[in-house]
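For reference, the structure discussed in these notes is given below.
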Amino acid sequence: MKPYVICLMHSSLDGRTHPSRWRPKGAGTDWFEKIHDELGGDAWVIGRITGSEFAKGDAYPTTADAKFPRENWFVRRDAKTYGIVLDAQGKIGWGRSDIGGDPIVVVLTESVADSHLAGLRGEGVSYIFAGKSEIDLALTLDILNRELGVKRLLVEGGGVANGAFLRAGLIDEFNLILSPAIDGAKGAPFVFDSTDSDGDRRAPLSAMTLESTRDLGGGVLLLRYLIQNDPQAVGK
């Protein structure tokens with residue numbers, strides 16, 4: 001069963017997501033965590049680049065004596081909320097087992113090295129496998145629902161991870177905190193983005209309905225859109 005998937009992002013008027021680059025500075029940047037808490041997800045998910053910003057450790061050793069089966073491995077199944085990180089090839093050395101009290105669950109592919117699995121186990125970081133060499137996001141959601149009871153998932157970036165969920169037709173709702181600021185320069189990430197290989201793939205959106213507009217004060221708006229995906233276009 002697929003969880004209900006909400007993408008939550010905070011952007012400038014030109015769709016950029018690094019507040020440190022926005023002008024004027026500090027426009028509504030204290031709202032993200034408040035809205036995150038209001039949405040009440042069972043889990044939230046970020047991509048590898050965003051996940052690396054939370055890591056505190058060095059890369060794990062490149063060799064290991066032990067061999068590990070490519071089976072899901074959980075430290076905890078009783079958490080109120082989980083922090084899910086997409087790390088297909090196992091690049092992140094965590095140095096921690098939770099983010100803000102939420103246990104980390106890493107989404108890997110079966111191509112990851114045994115030494116990386118040893119590192120994760122040594123730090124008490126749970127992991128699941130969702131593909132041979134590329135992450136299957138639909139399979140990821142199924143595993144999270146079946147194994148951890150996740151019924152409501154918040155997708156929170158970065159842009160490449162958001163774009164992958166969007167193109168896979170898995171997002172049900174989009175909440176955008178829109179600040180009265182502009183980036184206006186090259187190089188900053190967008191709310192939705194893609195890798196070069198996915199640049200020509202289009203999202204299977206058939207409709208977006210503005211469900212509500214909320215004035216958060218100071219010119220900051222919360223826009224809530226319901227998304228309808230074309231089932232015939234999903235996966236194409």
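These numbers come from the heavy atoms of this one structure, side chains and all, not from hydrogens, waters or symmetry mates.
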Inset, instruction - Say whether, by atom type as modelled, one donor and one acceptor occur between the side chain of Lys2 and the main chain of Leu170 under 3.5 angstrom. - result: yes
Legend entry - Any Met9 side-chain heavy atom under 4.5 Å of Asn162 side chain: yes
Legend entry - Validation row: Trp94, Val106 side chains within 4.5 angstrom (heavy atoms): yes
Inset, instruction - Report yes if some heavy atom in the side chain of Ser11 is under 4.5 Å from a heavy atom in the side chain of Ile177; otherwise report no. - result: no
Legend entry - side chain to side chain donor-acceptor pair (under 3.5 Å): pairs with one or both residues in residues 79-89, sequence neighbours excluded: Gln89-Ser111
Inset, instruction - Determine which pairs satisfy ring-ring contact (aromatic ring centres under 6.0 Å, His included) with at least one residue from residues 135-163, sequence neighbours left out, and list them in order. - result: none
Inset, instruction - Decide salt bridge (charged side-chain N to carboxylate O under 4.0 Å, His left out) for Asp198 and Arg167; before the verdict, give the C-alpha distance in whole Å, the side-chain angles of both, and the deciding distance to 0.1 Å. - result: CA-CA 9 Å; Asp198 285 332; Arg167 286 186 297 278; 3.8 Å; yes
Legend entry - Student check: side-chain heavy atoms of Ile128 and Leu144 closer than 4.5 Å: yes
Legend entry - Residues in side chain to side chain donor-acceptor pair (under 3.5 Å) contact with Thr17, at least two apart in sequence or another chain: none
Inset, instruction - Go through the steps to decide whether Leu13 and Leu178 satisfy the test side-chain contact (heavy atoms from CB on, under 4.5 Å), and finish with yes or no. - result: CA-CA 6 Å; Leu13 294 176; Leu178 191 61; 3.8 Å; yes
Inset, instruction - Identify the two heavy atoms, one from Gly124 and one from Val75, that lie closest to each other, and give their separation to 0.1 Å. - result: O-CG2, 3.3 Å
Legend entry - Heavy-atom side-chain proximity of Arg21 to Arg16 below 4.5 angstrom: yes
Inset, instruction - Taking Asn229 for its side chain and Pro231 for its backbone only, find out whether a donor-acceptor pair lies under 3.5 Å. - result: no
Please table the atom pairs, donor to acceptor, closer than 3.5 Å between any side-chain atom in residues 219-227 and protein atoms at least two apart or in another chain.
unit_1, atom_1, unit_2, atom_2, d
Arg224, NE, Glu173, OE2, 2.8
Arg224, NH2, Glu173, OE1, 3.3

Inset, instruction - Measure the shortest side-chain to side-chain distance between Arg96 and Ile99 over non-hydrogen atoms and say whether it is less than 4.5 angstrom. - result: yes
Inset, instruction - Not counting sequence neighbours, list each pair that qualifies as a salt bridge (Lys or Arg N to Asp or Glu O under 4.0 Å) and has a residue in residues 147-160. - result: Arg77-Glu147
Inset, instruction - Identify, with sequence neighbours excluded, every residue that meets ring pair (Phe, Tyr, Trp, His ring centres under 6.0 Å) alongside Trp22. - result: His10
Legend entry - Beyond-backbone contact of Val155 with Ile6, side-chain heavy atoms, under 4.5 angstrom: no
Legend entry - Any residue meeting side chain to side chain donor-acceptor pair (under 3.5 Å) with Lys91, in chain and number order, not counting sequence neighbours: none
Legend entry - Residue of the set Val45, Val105, Ile135 for which side-chain contact (heavy atoms from CB on, under 4.5 Å) holds with Thr140: Ile135
Inset, instruction - Any pair with a residue in residues 163-211 that passes ring-ring contact (aromatic ring centres under 6.0 Å, His included), sequence neighbours left out, goes on the list, sorted by first then second residue, please. - result: Phe174-Phe192
Inset, instruction - Output all residues satisfying ring pair (Phe, Tyr, Trp, His ring centres under 6.0 Å) with Tyr60, sequence neighbours left out; order by chain, then residue number. - result: His116
Legend entry - Electrostatic pair Glu38-Arg214, nearest N-O below 4.0 angstrom: yes
Inset, instruction - Name all residues meeting the ring pair (Phe, Tyr, Trp, His ring centres under 6.0 Å) criterion together with Phe129; count only those two or more places apart in sequence or in a different chain, and write none if there are none. - result: Tyr127
Legend entry - Sequence-distant partners of Lys132, side chain to side chain donor-acceptor pair (under 3.5 Å), two or more places apart: Glu110
Legend entry - By side chain to side chain donor-acceptor pair (under 3.5 Å) - contacts of Arg48 (at least two apart): none
Legend entry - Atom of Leu210, atom of Thr213 and distance for their closest heavy-atom approach: CD2-OG1, 3.6 Å
Inset, instruction - Using atom types as modelled and distance alone, determine if a side-chain donor or acceptor of Arg76 lies under 3.5 Å from a backbone N or O of Phe74. - result: no
